[in-house]
Amino acid sequence: MKNAFKASIVARDEVAPDHVELILSSPELEDAQPGQFCHVLTPGMLRRPLSFSRLDRKRGRAGVLLQVVGSGTAWLYERRVGEQLDLLGPLGRGFEPPDPSRPWLLVGGGVGIPPLYAALQCWQAAWDQPLGVILGARAATAVIMTKDFQDRGVYPLVTTDDGSLGRFGTVMGPFLEWMDRYPESQVMACGPTGMLAALHGAAKARQGSMQLCLEQRMGCGIGACLACVVPAQPIGEEGPCYRRVCTEGPVFQAEELVF
Amino acid sequence: MKNAFKASIVARDEVAPDHVELILSSPELEDAQPGQFCHVLTPGMLRRPLSFSRLDRKRGRAGVLLQVVGSGTAWLYERRVGEQLDLLGPLGRGFEPPDPSRPWLLVGGGVGIPPLYAALQCWQAAWDQPLGVILGARAATAVIMTKDFQDRGVYPLVTTDDGSLGRFGTVMGPFLEWMDRYPESQVMACGPTGMLAALHGAAKARQGSMQLCLEQRMGCGIGACLACVVPAQPIGEEGPCYRRVCTEGPVFQAEELVF
Amino acid sequence: MDLSVNLPRGLRLKNPIIAASGTFGFGPEYAAYVDLNQLGGISVKGISPKPWRGNPPPRVWETPAGLLNSIGLQNPGLATFIEEDIPFLASVDTAVIANIIGHTVEEYRQVAERLSQEERIDAFEVNISCPNVKEGGISFGHDPRQAFLVTQAVRSVTEKPVMVKVSPNMAEPWVVAQAAVDAGADMISAINTLVGMAIDLKRRRPALGGVTGGLSGPAVKPVALRVVYEIASRVSVPVIGMGGIESAEDVLEFFLAGARAVMVGTVTFQYPERMLSIIEEIPKVWRRYGFQDLPEAVGAAHLDKEGEPG
Amino acid sequence: MDLSVNLPRGLRLKNPIIAASGTFGFGPEYAAYVDLNQLGGISVKGISPKPWRGNPPPRVWETPAGLLNSIGLQNPGLATFIEEDIPFLASVDTAVIANIIGHTVEEYRQVAERLSQEERIDAFEVNISCPNVKEGGISFGHDPRQAFLVTQAVRSVTEKPVMVKVSPNMAEPWVVAQAAVDAGADMISAINTLVGMAIDLKRRRPALGGVTGGLSGPAVKPVALRVVYEIASRVSVPVIGMGGIESAEDVLEFFLAGARAVMVGTVTFQYPERMLSIIEEIPKVWRRYGFQDLPEAVGAAHLDKEGEPG
Ligand SMILES: Cc1cc2nc3c(=O)[nH]c(=O)nc-3n(C[C@H](O)[C@H](O)[C@H](O)COP(=O)(O)OP(=O)(O)OC[C@H]3O[C@@H](n4cnc5c(N)ncnc54)[C@H](O)[C@@H]3O)c2cc1C
Ligand SMILES: Cc1cc2nc3c(=O)[nH]c(=O)nc-3n(C[C@H](O)[C@H](O)[C@H](O)COP(=O)(O)OP(=O)(O)OC[C@H]3O[C@@H](n4cnc5c(N)ncnc54)[C@H](O)[C@@H]3O)c2cc1C
Ligand SMILES: Cc1cc2nc3c(=O)[nH]c(=O)nc-3n(C[C@H](O)[C@H](O)[C@H](O)COP(=O)(O)O)c2cc1C
Ligand SMILES: Cc1cc2nc3c(=O)[nH]c(=O)nc-3n(C[C@H](O)[C@H](O)[C@H](O)COP(=O)(O)O)c2cc1C
Ligand code: FES
Ligand code: FES
């Protein structure tokens, strides 16, 4: 059926140690949106969700950029140009397009960076408001896609936890500075839960909108199993309600979420 | 340690549809005896036992000839020259050498034929008593190693269940004829349980000795788990006792067994 | 080969492959991937009178050949199900089985009573075996007396076929199955998941938010076959088998153990279309092992049956 | 890193890796493949007063990530063990655990009493959990009262450390574990195999001669971890964990769940030398996850402990 298909790997790039970007080709990818993901068959019991790192919708191409963290990503790392991947997708709710009349800030951590690049690629054309990109990583060796941003004329501010590249520390420093300067910024962020929680906390006290792209362990990836939930509004008697990352996300408005 | 080792595949021959013979090389194979087996690592939870089909002890080489019947043998069928197999072995009790003063009969069915060929190869030199080989198979396409026997100047009498090659029917017809002619024959047999049971039944009424090479599902392959047992003498109050094919066999004297 | 299956009280399946409860949502989710009209049936996610929130995430974890889940029976409740899902299901031509749950016997009764009025519901599956919640799950499922009472309550309010879903997490699941049959169950479905857990080494914590979870997938198939075999040889009603089914060969194994139909769950996450290919393969696989029709295989491996045909 | 483990009544293991009963014979079988002196211990095949014949073959069957066995506790009996195996074991420098079985409480007592006189036996593992025999197995293991009586009988005849091996085939294994501890058990080992079965499609028969069998291997790891976790949080004595261990990471999972040592079974059939490589890996794996010594990891995933260190 339409949303389950095989895509050919047409390019493969080892972008950093243990990080690889695969460019996939198949007509079904013409519909992909920034922030959406595909659910990739690997030898394990579950598929692996991966965000699109870049989109070439006219040609039915999309990238996925992954870090090796376990068995499935290790297997994907070994795939070569010419092989096919078995995908479900495009899946989930992507980013809402940014409002062209307000400043725009992208904040990415680790392998949360790829969907932000896809968003930039999609909506950058004719952007004339302030546009910032802050990228965080553990260390210099895990900083990815800076060159891609630069090639689009956008110079990311990089932070590393160990100070081995860019500013020492987390993205929160530059984030707060940017927000002081452009309080009405619309923020799009993706990265580790700790980072998103910090951004979410900081956002509460401010104006501006914030979209967060989340990760959660998934079963089906298509809304049937209720595995991939995160705590969300409204908060009832028993606590927050649970919403599905795979279909109601992965992108949420910050105010929809509870950290 | 000594009995767990890797052996290189130095030759590979598709001897019949779904049958392949692999020639393995490793110093540990210098000790292999006809009727012994090796326990081969495959991707499944258990190793696969395979008899030696031919031996070149001086060069540390031995063959295994297998039929594809399930996942493990299918995987082994795909192995290529230059790859290595992980083996335990040589394992088990092989054939007792034949007594050169009496006629000798080899009776093999299907993939029970390979260990008989190894026995012939080992003890044929300067044999001057009558020597017979009866090979049975389901159909012509599963008759294996006849040419190997012929190359040694021994012309097997072939039977097939469907009459598609050689005599129609089982090995029992030619077996009984041979035994009428050479009642003192020493018999070595290997094949499906039904065939061995029939031979065992026929042997009871006769003189001569009979060695049977058995199959049983195995765990460890080295005598520790007691998985691979077959009913054997003595028969006690509860019935036959159980003996291990992997270490007390796979070759048994017929009178040790209970079918 | 005629793949249809006739079960008690006129329940007729096109074929013996039913989507297992909790792995197939309420139907629409997989409709873009599977032609639902080709399935033997769909057992929907467990339904309670009021919405249930479920367990904290993470809710799934991979294990060798298995899957741990601790969904905790999150569901939108009876009213939403009737309003939003039954209209969709009305457009689908397959048997719909309402999987029902409750905190109390009365809650099970409520759901069954209300859904009994819905034409679109073809049968009930009474879930007294979910390991992920205390009430509405294993507390009923491990006590034959409770199993009797729940089944009786459901039976008293519906003429539709009722199956009771049995837990493998006890020494003698057939005692609970028998209690359900005594209370009027028309069928038994088995198994629900095995209780298990995993540790997330990085966080030094139980991997699942619910601490323990339910194990499903191929890893549990031997346990499931044994429970089906034992129940089929002890109770008089049809058994619907499940647990780790991935292929038509697996389906045949369950039939030989005594099942008359099966449910397929975890494998759907990997291969959404697998149920359809299994349906397609059944005639071929049946014939390969010498069976001419579905019923011939039912219980054929039981030791009182004639064996070793080949 | 100091890998030694101190257990009750002076039982000291060089390291926490013990060969699991029934998968390692009486020692000599694997001696050509593994330097036995490097193991933490060996739990020998179950020993009964008189020889047991065991179940009809086939006795093993592969399942997804698992192994079914129905050996049926075949063993040569107490006298042969003393005569033939203890002399060999006397030449080996590792802890020897006598796994004992019986048809009656009295038979368990007999074996323990006699072997208690043998210097070479360092501890007892009382097997009341083998699913493959009716007596001497699960009938004791599923009934806390019987478990108490068997343990008490063994306790009454020996000063050596006694562990009782618990079955996972019931709703609340910790009740049996507690009964054993109440009767004087110094340790609990868990789990024995899960009851399961497979069907041989070609023969249309249960694949195993014993019809049902015991499931082991990676497939059961989630069940084993949960049983260990639950027992460790409920009983006061050390727990020896097992079930599907293949790697040093698996060992750490069992430690975090509450085990103080582990046994390794099924994987040895594939990789005879695996126990040794696990022992070698432990320090590296422990450090990778931030643990400085073995005890630090024991029970660290329990929810009353401090978590999420990273
Ligand atoms: C919507 C979404 C988009 C993602 N996009 C990317 C991306 O663009 N690049 C990238 O490198 N990673 C991305 N991830 C994370 C990625 O899915 C995991 O790193 C990957 O599944 C790990 O698989 P593994 O087999 O290597 O790890 P293992 O730990 O062996 O996996 C075991 C199980 O846990 C799941 N799992 C492990 N880590 C995660 C995680 N962080 N999030 C969700 N499930 C996890 C796996 O899917 C699998 O089911 C995304 C996750 C989500 C939910
Ligand atoms: C001592 C001995 C010598 C053998 N020699 C040969 C030989 O030379 N050539 C050859 O083709 N076959 C031989 N066999 C049979 C061979 O071991 C099986 O065909 C093979 O194990 C099947 O593995 P599979 O994964 O393809 O089948 P599957 O059915 O997928 O295997 C599942 C399990 O059953 C076991 N099994 C299946 N069939 C048999 C069998 N007939 N005997 C024992 N275990 C079995 C497998 O080892 C495995 O553990 C021998 C068996 C024994 C015991
Ligand atoms: C994610 C998930 C959710 C489940 N939810 C339910 C449920 O709501 N009600 C129920 O009766 N069973 C539920 N089950 C159990 C399945 O219906 C089935 O009994 C079990 O998974 C074994 O089959 P399988 O191995 O094919 O998945 C669930 C299983 C999974 C994996
Ligand atoms: C072939 C086999 C035989 C076994 N025999 C015994 C036994 O005699 N006594 C016992 O207590 N456990 C026995 N067991 C159970 C193991 O000791 C262990 O509890 C179980 O296999 C789980 O561990 P594993 O997954 O590492 O194998 C046996 C297991 C297998 C596979
Ligand atoms: S992963 Fe199944 S609902 Fe989201
Ligand atoms: S296979 Fe283990 S004793 Fe023979």
key: Heavy-atom side-chain contact between Met170(C) and Asn169(D) under 4.5 Å   = no

inquiry  = Tell me whether Glu296(C) at atom CD has more than 12 heavy atoms from other residues, nucleotides or ligands lying less than 6.0 Å away.
reply    = yes

ask   = What's the shortest heavy-atom distance between Ala198(D) and Leu225(C), and which atoms?
value = CA-CD1, 4.2 Å

Straight-line distance of Arg203(D) CZ to Leu256(C) CG, nearest 0.5 Å = 12.0 Å

key: OH-CD1 distance between Tyr289(D) and Ile199(C), expressed to the nearest 0.5 angstrom   = 13.0 Å

ask   = Arg205(C) and His302(D): which non-hydrogen atoms are nearest, and at how many Å?
value = NH1-O, 3.5 Å

ask   = Checking Leu68(C) against chain D: side chain, backbone, both or neither under 4.5 Å from a heavy atom?
value = side chain

ask   = Any sub-3.5 Å donor-acceptor pair from Arg204(D)'s side-chain atoms to Gly290(C)'s backbone N or O?
value = yes

Side chain, backbone, both or neither of Val220(D) within contact of chain C (heavy atoms, under 4.5 Å) = neither

key: Leu215(D) versus Pro222(C), closest heavy-atom pair with distance   = CD1-CG, 3.9 Å

request  = Output the option from Glu230(C), Glu246(C), Glu249(C), Lys221(C) having the highest count of non-hydrogen pairs under 4.5 Å with chain D.
outcome  = Glu249(C)

remark   = For His142(D) and Ala171(C) the tightest heavy-atom approach is ND1-CB, 3.5 Å

ask   = Under a 4.5 Å heavy-atom cut-off, does chain D meet the side chain of Glu172(C), its backbone, both or neither?
value = neither

key: Which atoms of Phe254(C) approach chain D - backbone, side chain, both or neither, heavy atom under 4.5 Å   = neither

ask   = chain D: which of Leu252(C), Val223(C), Leu201(C) shares the most heavy-atom pairs with it under 4.5 Å?
value = Leu201(C)

task = Evaluate the side-chain proximity of Tyr229(D) to Pro206(C): yes if any heavy-atom separation is below 4.5 Å, no if none is.
result = yes

